[in-house]
Amino acid sequence: MQSPYQLVAKGSYTLKNVRLETGFEYDNEEVIHTKTDLFSVEIENGKIKNISPNNPNSNAIDAKGKLMLPAFRDMHVHLDKTWYGLPWQTLSPKKKTVKDMIAYEQEIIPGLLKTSVERAGQLIDLLQGYGTNYARTHFNVDPTSGLQSLENLEKALDNKKDSFGAELVAFPQHGLYYTDSVPLLKEAVKLPQVGFIGGVDPLSIDGSIEKVLDVTVQLALDHHKGIDIHLHEVGESGMKTINYLIDKAVENPELQGKTFVSHAFALAHLSPKEAEEIAEKLAAAKVGIASSVPFSGKVMPIPTLKKYGVQVLIGNDNVQDYWSTFGSGNMLQKANLISELYGYRTEYQLSRALEFATQSIIPLNDKGEEQWPKTGDVADIVLVDASCSAEAVSRMSDVEALMNKGNLFWKE
Ligand SMILES: [Zn+2]
């Protein structure tokens, strides 16, 4: 796949006929409709300079009545290792455990790295086509990859720097001690472009929750980085790992707001009361959860986490690789999936669910007051073929244009 977009404007320019949400229409207490109007939106130096009543007769760029929304963000994806761009293949039924997958990665990574710059670029094109301009992407640090996975990922990101941004997680996929990855992680954490350090199933891969998390936490503190631990373990070891991280965040306030557990499948196995208790603790310690919203028999308690104010980030995780081939790359599809899974059906609920694609900001607040866009906001924007946020989530509407820091790209 090639980039579906063409650059049509950068620097200072104005868009006309931009559809923005202006409020809710109520029937008694119930939101029955979202009100919109057309505006002119001025962009300057990567930011929104001014929003004014529509001037349809100006010679501004015509947004043709498309709905303007904040650009989407994918907060858990592996741009560095993918089959995307290679001939179709699916998962081997023989490889079941994470350790099986580590052995398999050791076999195939040298081959994948030969073309990973190009294929990471193709995967970014796919994400952008669905309106994503930013990702939290993990990159392997393990004795097989060394730091080459990072180098290739950085080349791919540099090729897209006008249209796409990312935060990078150094991810010791093959364990810190199961394979000798501590020295590599220590090298990676020093790099300014690395924002987070990761980890995977400390007990089942490395045999110790404390040994792995103590090193990880210390490295994060020493280098002022965030943490994002991938935790597939369920039951006692899963919950112990989550609680251990919560305790560390309470002890070290610097970690709060930048410590995350990805997957956290253990939470899907809790009773409603237990889910409420851990949600309260996660929120108090400002430890977030990153989820691709899986539902194989068990469902993550996302509404409970949100109710207590836990930061919940959503991502595609594996778009097309040997871990999973189900990621669509489309963040509106994730918001749609969440809506269907948790029964968000009304105009109001669907409009709120857009936050799972934007990862926080949405045009109207819970009272229906305009909160986005505002003068001075970074111009990270999509123009969508929908009449309102609720329709965009429900219909997974097409994205017509993507703006990254004021650079406007339009589909051909
Ligand atoms: Zn992952």
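Only heavy atoms go into these numbers, but all of them, side chains included; no hydrogens, no water, no symmetry mates. Every number for a ligand or one of its atoms is a count from 1 in the order of the listing.
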Task: Shell of protein N/O/S atoms around the Zn ion (ligand 1), taken as anything under 2.8 Å - done: H76 NE2, H78 NE2, D317 OD1

Listed pairs under 3.5 Å, donor-acceptor, residues 261-270 side chains, sequence neighbours left out:
residue: S262; atom: OG; partner: H76; partner atom: ND1; Å: 2.8
residue: S262; atom: OG; partner: D228; partner atom: OD1; Å: 2.6

Open item on the list: Ignoring hydrogens and geometry beyond distance, is a side-chain donor-acceptor pair present between K160 and Q128 at under 3.5 Å?
Closed with: no

- [ ] Sequence neighbours left out, what pairs pass salt bridge (charged side-chain N to carboxylate O under 4.0 Å, His left out) with at least one residue falling in residues 291-313?
- [x] E276-K307, K306-E355

Task: Contact list for residues 234-257, test salt bridge (charged side-chain N to carboxylate O under 4.0 Å, His left out), sequence neighbours left out - done: D214-K248, K248-E251, E254-K258

Open item on the list: Could you check whether K281 pairs with E277 (Lys NZ or Arg NE/NH1/NH2 to Asp/Glu carboxylate O, under 4.0 Å)?
Closed with: no

- [ ] Look at the side chain of K47 and the backbone N and O of T375, then say whether any donor-acceptor pair between them is shorter than 3.5 Å.
- [x] no

